[in-house]
Amino acid sequence: MAELGLNDHHQNEIINYMRFARSKRGLRLKTVDSCFEDIKDSRLVDETYTMDEVTEVLNELQTVVHSEIESELINTSCTNVLLLRQLFSQAEKWYLKLQTDISELENRELLEQVAEFEKAELSTSNKKSNSENMKPSRLVPLNEGGTSELLNKEILRLQEENEKLKSRIKNIELQATNALEDKSKLERALRDMQIAQGDQKSIIRTRDVSDLEHTVAALKNEFQKTLNDTTENKKTLEENLVSTKHDLLKVQEQLSVTEKELEKKFQQTAAYRSLKEILMKKNEQIKDLRKRLAKYETED
């Protein structure tokens, strides 16, 4: 039995198409035969014909046969286009791009191989058609391996990553809330200290506040640097995800909103953490200032 180098499923699909093409070809050949029969019955009624009459009959026959053959070739071409459309449509659902080699369509060796395959398969399939028609058909199970399995694994991995990010964001929000509370306490303490000290210690207070402002400016610069490093790391992570999620475009569309929210909260994380560190350092400086002020008060 001739083989085309395909699996059983695809080979059976080709056999079905060959059976369809053979039936259409047989109908068209019958139409051509009927054209000749019509000419015989309608025009070949006399025993002798002149040259002009024979030419006229042949020209009429040529016109009819030419029309039938042209119609069949056009229909075959359109049928092949519809078949290719089905294949390409199925491939596009999996984001595949199929390619064809037109030069192989004129390969005489391959054409002969297909002809032998058609002759062998259709001759044996006609014998088995009656017995196969009696058997109930079964649905072919879906293939859960290959690309589908990879997609499922990637979806599970993204879901786990989302859960980790959610947990991390909750911890960051708690830290940010504590940092804001510490900041409010620090601001109230500074205002109370400024009112209590008075004009007598304005020089000392101004110098200490100036040092504190320099410290805050340095911390802000460090915070900006940390934020820039976080942005660069995020860009690198996004570039790596693009290469690994080429086959997961639909999943990315579903998770895009969640990712944007996570990115916003993640950017806020560094700010809260840095503010907390700033407030802790400010508390230490305030304690030191209080000690120094207490020392001046005892001297007075």
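Keep in mind that the numbers below use all heavy atoms, side chains included, and drop hydrogens, waters and symmetry copies.
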(request) Could you walk me through whether Q159 and I155 pass the side chain to side chain contact (heavy atoms under 4.5 Å, CB included) test, one step at a time? (result) CA-CA 6 Å; Q159 290 176 348; I155 290 171; 3.7 Å; yes

(message) Could you walk me through whether E161 and R157 satisfy the salt bridge (Lys or Arg N to Asp or Glu O under 4.0 Å) test, starting with their C-alpha distance in whole Å, then the side-chain angles of each, then the deciding distance to 0.1 Å, before giving a yes or no?
(response) CA-CA 6 Å; E161 184 177 348; R157 188 185 68 79; 3.5 Å; yes

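Taking CG of L98 as the start and CG of L84 as the end, the distance is 9.5 Å to the nearest 0.5 Å. Rounded to the nearest 0.5 Å, atoms NZ (K281) and OG1 (T215) are 8.0 Å apart. The CG atom of L73 sits 9.5 Å away from the CZ atom of R28 when rounded to the nearest 0.5 Å. Note that CZ of R292 is 10.5 Å distant from CD of Q285, once rounded to the nearest 0.5 Å. Note that CD of E187 is 5.5 Å distant from NZ of K183, once rounded to the nearest 0.5 Å. To the nearest 0.5 Å, atoms CG (L110) and CZ (F117) are separated by 13.5 Å.
Y17 and N80 share a side-chain donor-acceptor pair at under 3.5 Å. Side-chain polar atoms of T76 and E72 form a donor-acceptor pair below 3.5 angstrom. Between the side chains of R168 and N171, not a single donor N or O lies within less than 3.5 Å of an accepting N or O.
E53 places a side-chain N or O within donor-acceptor distance of the main-chain N or O of T50, the cut-off being under 3.5 Å. T79 contributes a side-chain N or O that, together with a main-chain N or O of N75, makes up a donor-acceptor pair within less than 3.5 Å. With hydrogens and angles disregarded, no donor-acceptor distance shorter than 3.5 Å links the side chain of N107 to the backbone of S103. Side-chain N or O atoms of S71 include none that pairs as donor or acceptor with a backbone N or O of S67 at under 3.5 Å. Between the S23 side chain and the F20 main chain, a donor and an acceptor come within less than 3.5 Å of each other.
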Could you list the donor-acceptor pairs under 3.5 angstrom formed between side-chain atoms of residues 33-40 and any protein atom two or more places apart in sequence or on another chain?
from	atom 1	to	atom 2	distance (Å)
S34	OG	K30	O	3.4
S34	OG	T31	O	2.5

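Between T100 and F88 there is a side-chain heavy-atom pair separated by less than 4.5 Å. In this structure, E284 and D288 have side chains that are not in contact, with every pair of non-hydrogen atoms separated by 4.5 Å or more. Under the 4.5 Å side-chain criterion, counting only non-hydrogen atoms from C-beta, N7 is in contact with H10.
Placement of L111 and M18 in two distinct hydrophobic clusters is found when ILVMFWY residues are connected by side-chain heavy-atom separations under 4.5 Å, directly or transitively. Under the 4.5 Å side-chain contact rule for hydrophobic residues, L58 and L44 share a cluster. When the side chains of ILVMFWY residues are joined at heavy-atom separations under 4.5 Å, either directly or via intervening members, I15 and L83 end up in two distinct hydrophobic clusters. Under a hydrophobic clustering in which Ile, Leu, Val, Met, Phe, Trp and Tyr are joined whenever their side-chain heavy atoms come within less than 4.5 Å, directly or via other members, M280 and L180 fall into different clusters.
Ion pairing between R25 and E118 holds under the 4.0 Å rule for side-chain N and carboxylate O.
Between A179 and L279 the shortest heavy-atom distance is O-CD1, 2.7 Å.
Summarising the local packing, CD of E109 is surrounded by 12 or fewer heavy atoms from other residues, nucleotides or ligands at distances under 6.0 Å.
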